[in-house]
Amino acid sequence: MGYKKIKKDQLKTLFNELSKDCSLFVPSGSKGYVGFDPWDGNSADFTEWYGNTTIPPKALFFPPVEAMLRFRKGEAGYEIEELLPNGRPQIVFGVRPCDARALKITDILFSDTYRDPYYLKRRENATIVGLACNEPCDTCFCTSLDISPGESQDVDLLCTDIGDELLMEAVSDKGEDLLSKMSGLSDASGEEESKAKQLGESAKEKITRQIDTSGLLDKMRSSFENREYWEDVSRKCMSCGICTYVCPTCHCFDICDENNKKDGKRVRNWDSCKFPLFTRMPMENPRHEKWRRIRQRYHHKFEYFQMNFEAIACTGCGRCIRECPVNVDVTEIIGGIQAL
Amino acid sequence: MIYQLNANVRNFGETISELSGVDISTCYQCGKCTAGCPVVMEMSHTPNQIMRLIQLGLKDEVLSSPTPWLCASCETCTTRCPKEVDIAKIMDTLRILALKEGYKRKEPNVVAFNKIFLDSIKNNGRLQETKLAMAFNFKTLQFFKDMMLGQKLFMKGKISFSGDAISGVDAVKAIFERSKGFLDKGER
Amino acid sequence: MENRLKEEAGKLLKEGKVDYIVGYGKGTVNLRTSPLITNKEEDLEGLVINPFIANNLSRYPVELKGRVGIVVKGCDSRSLTSLMQDKKVKREDLIIFGIPCEGVVDLKKLAGQIGAEIDRVTDAEKEGENLTLQVDGSKKTIPFRDVIFDKCYGCEHPTPLEYDVLLGSEVTPNLDIEKSLEKIKALDDMDTPERWDYWKEQFSKCIRCYGCRNVCPACFCERCFVDVNMPQWVATYATWQDNLTFQLIRTLHVAGRCSDCGECERACPVGIPLRSLQRKMVEEVKDLFGHEVGIDKDAPPVFSHYEATDPDEFMK
Amino acid sequence: MSRIGVFICHCGVNISSVVDVEKLAEELAHEDGVAFSTEYKYMCSDPGQRIIKDAMEEHDLDGVVVASCSPRLHERTFQLCVEGAGLNRYKMEMANIREQCSWVHKDKEFATEKARDLIKMAVAKVRKNQPFDQLSIPVFKKALVIGGGIAGMQASIDIANAGHKVTLVERTPTIGGRMAQLDKTFPTLDCSA
Amino acid sequence: MEESNWEPKVIGFLCHWCSYAGADLSGSARLEYPHNIRIIRIPCSGRVDPMFILRALQNGVDGVLVSGCHPGDCHYQSGNFHARRKFAVINRLLKYVGIEPERVQFSWVAASEGPKMAQVIKEFVEGVRKVGPNRLFKDEKKDGE
Amino acid sequence: MAYGYYPGCSAHGTAKEYDISTRKVCVKLGIQLEDVADWNCCGASPAHATSEELSLALPLRNLALAEKQGLNSIMTTCSACYNRLKVAHETVKESPETLDRINDIVGEPYNKTLKVTHFVNFLSEEVGLEKLKEKVVKPLKDVKAACYYGCLLTRPPELVTIDADPENPTIMDGIVEALGAEAPDWSHKTECCGASLALSRTDIVVRLSGEILKAARFADADCIIVACPLCYANLDMRQSQIASRHGVDYSLPILFISELMGIALGVNYDELGIDKHMVSAANMLREKGLM
Amino acid sequence: MVESSQNDNIEILTYSEVEEVGGYIGNFEVKIRKKARLVDLEKCTGCGTCYQKCPVKVPSEFDMEMGMRKAIYVPFPQAVPNVPVIDKEHCRMFTKGKCSICQKLCQADAIDYEQEDEIIEDKFGAIVVATGYDLFDASVYGEYGGGRFKDVISGLQLERLISPSGPTGGHIIRPSDGKEPKNVVFIQCVGSRDVEKGRPYCSNVCCMYTAKHAVLLKEHLPEVQTNIFYMDIRSPGKNYEQFVQRTMEQFGALYIRGRVSKIYQRGDKLIVKGADTLAACQVEVEADMVVLATGITARHDSKEVATKLGIPYDEFGFFTELHPKLAPIETVTSGVFLTGACQAPKDIPDTVASASGAASKVAALFSSDRMSMAPLVSTIDTSVCSMCKACMEVCPYGAIQEEEITLRDGTKKKQLTVLESVCHGCGACVSTCKSSCIMLRGMTDEQIFDELMAVAQ
């Protein structure tokens with residue numbers, strides 16, 4: 001279908017139109033942090049200021065708190081009502097390439113032998129509209145993980161900011177479909193196409209932070225028993241859950257039942273391997289010490305996930321580096337392992 | 001005397017309590033009010049008897065008694081009552097109620113005095129003592145009462161027949177109009 | 001200053017007087033510093049002291065086993081003293097390096113002033129009343145007091161009250177209480193339901209990452225009450241109701257311990273104005289009991305004792 | 001699931017005239033964890049206690065809630081009652097539906113509703129009650145009597161005569177108190193010394 | 001519950017030694033007070049954890065009354081003094097976050113003060129009635145979605 | 001600063017000399033009095049015997065006017081006026097609902113800011129006995145002045161009393177002693193003279209006033225000191241009636257406290273208006289060398 | 001008195017005050033301040049020379065200030081112990097710094113001006129509180145002269161006048177002029193049944209002691225006329241009513257039903273203005289003497305005593321029993337018992353009965369060596385304790401202590417523990433513990449929470 005383009009000042013009209021039949025999410029900073037919020041009919045200027053969100057798009061598919069089912073004590077035992085998502089189509093606009101990749105990664109997990117209906121139902125109904133990065137942040141290191149800030153195969157539709165206009169390219173059938181439904185578009189010229197490519201290239205060059213993934217699997221394995229190393233790097237960690245909660249690929253959750261004798265619900269909520277109580281057993285905590293918890297997180301991302309699913313559970317979005325109150329830096333830790 | 005008590009025995013007392021804000025059932029008849037009252041020898045019912053009669057619900061007996069009209073409002077009873085009963089306030093309430101319900105005046109002079117006094121204020125804003133005394137004597141048909149005294153006062157320059165009215169008379173009149181309880185149905 | 005610190009700290013490690021040095025090192029993100037905790041002499045070269053040393057390090061000695069040499073600013077030192085009152089650290093286990101502090105740069109404020117340029121700042125220094133920045137090779141000056149944390153305007157003890165080595169000379173307080181309490185004043189001026197709606201909205205954002213709790217030096221419990229499940233005081237998951245309840249109880253728990261270091265608000269990834277809660281309680285505790293946090297290390301914690309003359313008028 | 005018995009007392013008519021005890025007994029039987037529920041005229045009486053003991057045996061109760069007067073009055077009575085039937089005394093709770101319900105409220109509907117809540121609260125509590133053994137502490141057999149007036153002197157003499165040591169503390173220089181000031185005492189007009 | 005026939009539901013945490021006994025005394029003296037209060041007996045006002053108050057409010061209770069012995073009269077010597085410190089701060093905090101001050105009340109009532117207990121409960125329930133049902137923690141939407 | 005002054009109706013009639021001497025004395029003491037403009041009658045006893053609202057509204061208008069005038073206190077010499085003003089003030093202070101109700105009736109809002117005092121406690125509190133002593137030029141040596149307080153200055157004690165002990169007030173005694181006179185302890189300080197029945201049941205008044213005179217004579221008093229026009233009216237003006245009814249002519253001079261002060265402070269006898277009394281005080285004063 | 005002083009099991013500490021009470025039933029730890037008497041109890045022979053020669057005269061408290069005593073004195077001749085005490089406030093050695101007459105005269109060398117207060121610490125299993133009462137101070141009755149009239153006296157003052165060992169040697173005379181009274185008025189309910197004076201209760205004893213006074217007065221002065229103003233005659237004790245009737249019938253007392261409104265002096269007479277509500281009239285009595293039947297009030301310092309002992313008191317300051325019907329002697333503090341008028345106005349038979357009651361409670365408690373106690377105390381979950389020790393600081397009993405344990409691997413660990421017998425179960429530690437690691441048995445957070453939830457939903 002080729003490249004299309006839309007004037008940025010037309011975005012508002014476009015969004016209003018799109019949001020008629022589906023839930024549209026766009027980046028917004030109205031709450032004091034940046035996240036994907038339902039389109040409020042108003043501010044479509046996110047392309048101007050937005051680097052990346054604080055809370056990754058995973059929250060739209062795997063919300064921080066989700067009631068899974070409701071139960072009620074009836075005459076003949078408990079009656080159970082499953083609380084599946086309503087299935088309304090969603091469009092998420094402005095997802096960065098790294099986060100789009102992250103969704104692909106979590107897709108693997110949630111559609112493995114156990115197919116998670118809550119996540120997948122939302123995913124199936126969602127169209128991801130990507131937005132290429134022209135100005136990566138200084139915490140970004142996606143290029144180390146085979147992600148390019150200017151292009152993405154993980155989205156359905158990719159936009160590139162080329163000045164006054166957004167260039168659009170359908171990547172998947174869903175994207176094709178969406179593009180065909182959009183009004184106010186015009187065909188893009190070849191010059192504009194190449195400008196987009198050029199922007200992508202220059203963005204790539206701006207990214208200086210990196211990790212070296214070559215031979216990392218072996219290095220990780222051998223670092224497991226290196227207690228001293230892990231103690232050293234974990235010392236400043238405060239054991240909060242910020243890095244895991246802002247991580248686009250972290251997906252650990254806890255399930256608990258809330259009941260008051262007669263009725264109640266089962267709730268799933270985010271959990272973090274940084275918490276001392278994480279996966280606590282009846283008698284003992286497998287990772288009582290902080291360094292064990294830190295080790296767990298990096299081993300999971302760079303070793304276990306790779307072993308199980310042949311992918312590294314990190315996309316170089318840099319959120320964990322940016323949000324950590326004490327500046328624990330994944331690139332530093334992985335770099336340290338490589339240097340061991 | 002025989003009085004008959006029926007189920008409504010407490011109604012009158014409750015009415016009085018409500019009007020006066022003084023709980024009538026508090027009185028335990030110690031008689032301290034009577035013991036200190038300066039005018040008790042003129043009274044047909046002593047103050048504690050009045051309290052008792054109210055407790056017994058004997059409305060007619062109470063409201064036609066001269067006792068409330070003889071009360072000098074000196075508040076000795078109220079001050080010393082061990083149960084903190086405001087007896088003076090009850091006397092006020094009885095007077096107002098008796099007027100309102102048109103009971104026969106046992107002390108007509110007192111009623112007349114109060115009326116003339118207030119009329120004077122209503123019409124002038126202030127009390128004019130001379131006119132008050134004259135109007136009172138006229139009304140109560142005691143034309144020569146205190147005649148000698150009046151003469152002497154006149155000599156001392158204490159009696160004047162000119163008015164001492166204020167500019168806010170209308171405001172004072174309005175107060176009279178708006179105040180509740182200022183009812184006199186005349187005698188029954 | 002930096003050199004003296006490196007020298008003294010090195011001596012302490014070498015002579016075995018301390019097991020760890022806790023100070024600030026350069027961060028991996030532009031302008032930021034990061035806690036530097038080490039028992040190796042060679043790491044001490046990385047120690048820095050500059051106007052970006054935001055972290056409150058006083059929490060670390062609670063966890064570390066052994067004797068600790070620690071670098072503290074005014075507010076941090078009061079946290080540390082409060083921890084002594086709570087018997088979480090012992091004065092004799094600490095060698096305290098005090099930094100007289102004229103304020104710490106709030107990077108969010110700085111970003112607000114210079115925008116994305118913040119990523120390109122190559123050097124930053126405090127020169128007199130200004131912060132001088134090198135951006136893309138050119139020099140840029142910003143009034144220092146425009147970009148420091150709100151808490152710093154209300155800092156009555158910028159020089160640590162408790163120290164062994166003072167790095168530099170004492171700083172006299174440069175108070176602008178009004179500015180420091182601006183947000184609190186705005187809240188005070190609201191009517192009751194407005195305030196509730198405000199906090200309700202703020203706590204709908206909370207994702208319960210516990211960043212606020214975990215960075216807080218006054219939150220030292222082995223087990224936090226949120227993790228108690230008999231009874232389940234607070235649901236483990238993040239609904240605004242439980243988020244708010246969690247934070248209110250946390251606020252009560254740290255009341256009388258909070259030195260207004262502002263770490264909770266700085267850590268919060270979703271921007272909840274937590275300092276507006278905590279600082280308010282600092283004011284209230286002072287007003288009610290005349291108690292100031294972290295002044296006297298030998299005094300009992302404010303809720304472990306009482307005066308017969310404590311305020312009573314709110315009681316019926 | 002716990003097996004709690006709920007025993008609602010009428011206290012003559014003290015409770016039952018305001019609280020619909022029959023209705024409550026009927027309703028509470030369906031409450032979670034309640035295995036048995038009944039009402040009786042005087043729970044504290046012998047027959048009342050018998051009802052509790054019998055029900056404990058018959059329904060194998062592991063917790064007892066007595067809804068009656070203030071625990072300040074009869075807590076011990078019922079603790080001993082359940083202990084007599086083989087249950088630890090701390091597995092009994094009382095719901096105060098007299099002093100704090102039927103005696104202070106007139107509206108029957110509301111009072112009954114409140115009584116139901118109070119009993120439900122006691123049931124909720126007793127579910128988590130645990131059995132405890134009594135502590136045993138030594139008794140130091142010496143008494144202190146404060147005040148050397150007639151009361152203090154008489155108490156001292158009686159305790160001393162029972163064979164125990166007494167210390168009598170008097171603030172003034174002499175014992176005797178007020179009574180020493182009296183000449184004679186009524187009605188016998190004895191001298192007071 | 002329907003707005004029109006709403007009746008406040010309030011919890012009273014009463015110290016066993018004073019206020020609870022005071023409430024018993026109100027009973028013995030047949031001093032009527034609003035039925036809306038549900039009393040939980042506690043050993044001492046010092047036993048009251050702020051959590052009790054917040055959890056009660058969060059679960060839809062319309063008001064919480066905490067009552068202990070007068071200062072200096074604590075059965076356990078100092079429990080109420082410690083409690084008073086806590087209450088003073090709770091009081092300020094709740095007000096600050098926008099909880100109507102009428103909903104949470106602290107009082108000193110001695111065992112002999114039956115009439116005062118009745119009066120305190122009466123005034124408290126009236127105050128709660130005035131501010132209306134506790135919708136503080138109510139959600140507009142159901143959680144989960 | 002000026003003190004609000006409420007003279008009351010009698011000051012313009014039967015108790016002219018009280019008003020005259022009060023003003024003189026205040027000048028001597030350096031106190032500036034400012035009359036409440038356009039004041040109205042306080043309603044005295046007929047008002048509260050007729051309507052509670054009236055009995056509060058009439059005095060409250062005066063208080064509202066004084067407040068409007070910018071005064072922060074209001075002083076009156078008449079015990080009855082003081083009683084009514086003070087009761088009204090205290091009543092509305094206690095009950096905001098009553099205040100609203102009465103404000104509506106009066107039409108002028110009263111904001112409860114005034115301090116309501118009687119001349120006597122004004123003297124002892126605002127002026128002070130020490131200052132009074134300093135100002136005395138002619139000490140009242142050998143004068144035995146029985147202070148008569150009556151009912152309205154002391155009752156009901158919780159609202160109006162000017163003294164710690166309403167049963168045995170001594171505040172006036174203190175003033176009189178400051179002037180150099182002797183104030184004997186006597187039995188009828190606070191007994192009622194029957195004021196409100198003065199015209200309607202003169203017989204009662206004559207009896208009660210007679211008992212007061214008798215008690216004063218028993219205490220060997222040279223004169224009775226009053227602080228109220230009504231007490232004065234009964235004790236002085238009715239003395240001849242008492243004499244004929246009781247068969248005893250007490251000839252006991254009745255002096256207003258301001259008059260006694262005037263003498264001690266050196267105000268000219270003629271300027272005080274003492275000659276307006278029915279029972280002449282001239283003899284007594286001459287005997288004591290005060291005239 | 002003599003009986004108690006001669007009993008070997010009784011140790012009498014006069015001129016002493018309880019300073020501090022700690023511990024709990026069976027194990028009270030008490031500090032008693034033995035005030036400096038300045039006279040050696042052991043050496044003094046009770047000869048009396050010292051107080052005969054002492055130059056300082058002070059109104060006697062014992063004689064209700066109707067007579068005088070010296071600065072060194074024995075309150076009354078039969079005092080136990082019969083050893084004088086020096087009143088520092090008035091003794092010239094202390095006011096002026098010289099005198100020492102008594103010391104010089106004392107043959108036994110018992111006077112010691114240097115003597116200091118002594119603190120005795122002792123352990124007790126039970127405490128009986130018998131601190132008694134104060135008489136109502138009638139001076140608040142301004143209408144009765146407020147203490148200005150010498151011949152208006154209180155009942156207890158009359159007792160001293162009648163007493164053969166009293167200031168007048170049993171001769172009843174008017175305090176003002178020493179004349180024998182002819183016409184005496186008694187006023188009852190002074191400081192009793194008087195809401196206005198803050199004493200709404202009945203003092204229980206005045207009706208009867210007034211009747212007794214009327215009888216004794218008549219016996220001493222056959223010419224006297226007694227007039228008794230009363231409201232109700234309360235004589236429900238055994239033989240009491242007969243006694244009252246005899247007072248009227250045989251001893252000619254005139255009972256007048258009504259209160260007195262005013263007393264004033266006229267010459268040497270007291271004019272009593274009262275009412276007779278039965279005759280519906282005012283009564284005026286020209287009396288020589290008026291006796292006020294002042295009521296019983298709690299001791300002025302009863303609240304401090306209560307606080308020391310941890311027992312509640314009512315609005316008037318009387319100590320509150322555990323239950324008015326079922327536990328009239330026990331208090332909320334186990335092991336502390338009440339007797340006498342510190343609890344409520346009581347007459348002598350009631351007082352003696354309650355004293356024996358308290359004694360039997362003590363004896364029952366002492367009947368075995370150990371007693372059982374409720375185990376509802378705090379326990380600490382040391383695995384989650386963060387050792388901030390806030391609980392230790394708020395515990396009023398010091399029941400929480402630090403202990404060191406040895407773990408299985410041989411390492412030592414410090415932790416906190418609750419001493420069960422010392423803990424009273426107040427729960428202050430529980431609510432102080434921020435991480436909820438202390439539990440109060442029988443009143444756990446969970447239980448309270450469940451109770452709450454049972455109503456909340």
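All chains are named by letter (A, B, ...) in the order of the sequence lines, taking the proteins before the strands, and each is independently numbered beginning at 1. All figures in this text were calculated on a predicted structure; none of them were measured in a lab. Computed over heavy atoms, backbone and side chain alike; hydrogens, waters and symmetry mates excluded.
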| field | Test item: G/Arg37 and D/Pro173 side chains (from C-beta on) under 4.5 Å apart, heavy atoms | value | yes
| Leading residue by heavy atom contact count with chain G [cutoff under 4.5 Å; candidates D/Leu73, D/Leu135, D/Val126, D/Val166] | D/Leu135
| field | Heavy-atom contacts under 4.5 Å, residues 37-50 of chain D to chain G | value | none
| query | Looking at D/Gly163, D/Gly152, D/Pro138, which one has more heavy-atom pairs under 4.5 Å with chain G than the rest? | reply | D/Pro138
| request: Identify the two heavy atoms, one from G/Pro75 and one from D/Thr174, that lie closest to each other, and give their separation to 0.1 Å. | output: CG-CG2, 3.6 Å
| note | When the 4.5 angstrom heavy-atom criterion is applied to D/Thr172 and chain G, the contacting part is backbone
| said: I'd like to check D/Asn129 versus G/Gln447 (side-chain heavy atoms, cut-off strictly below 4.5 Å). Are they in contact? | reply: yes
| said: We want to know whether G/Asn7 and D/Asn161 form a side-chain donor-acceptor pair, criterion being a heavy-atom distance below 3.5 angstrom. | reply: yes
| said: Just to verify, which of G/Glu61, G/Glu17, G/Glu19 counts as forming a salt bridge (Lys or Arg N to Asp or Glu O under 4.0 Å) with D/Arg171? | reply: G/Glu17
| said: Heavy-atom count check: over 12 atoms from other residues, nucleotides or ligands less than 6.0 Å from D/Glu57 CD? | reply: no
| task | Indicate the atoms forming the closest heavy-atom contact of D/Arg178 with G/Leu156, along with that distance. | result | NH1-CD2, 3.6 Å
| field | Greatest number of heavy atom pairs closer than 4.5 Å to chain G - which of D/Ile137, D/Thr167, D/Asp133 | value | D/Ile137
| Is it true that the side chains of D/Glu170 and G/Thr14 contain a donor and an acceptor less than 3.5 Å apart? | no
| Is the shortest side-chain N to carboxylate O distance from G/Lys361 to D/Asp158 below 4.0 Å? | no
| field | Lys/Arg-Asp/Glu bridge criterion (N-O < 4.0 Å) met for D/Lys128, G/Asp450 | value | yes
Please report, to 0.1 Å, the donor-acceptor pairs under 3.5 Å made by any side chain of residues 139-147 of chain D, with sequence neighbours excluded.
{"unit_1": "D/Lys141", "atom_1": "NZ", "unit_2": "G/Phe366", "atom_2": "O", "d": "3.1"}
{"unit_1": "D/Lys141", "atom_1": "NZ", "unit_2": "G/Asp369", "atom_2": "OD1", "d": "2.9"}
{"unit_1": "D/Lys142", "atom_1": "NZ", "unit_2": "G/Asp122", "atom_2": "OD2", "d": "2.6"}

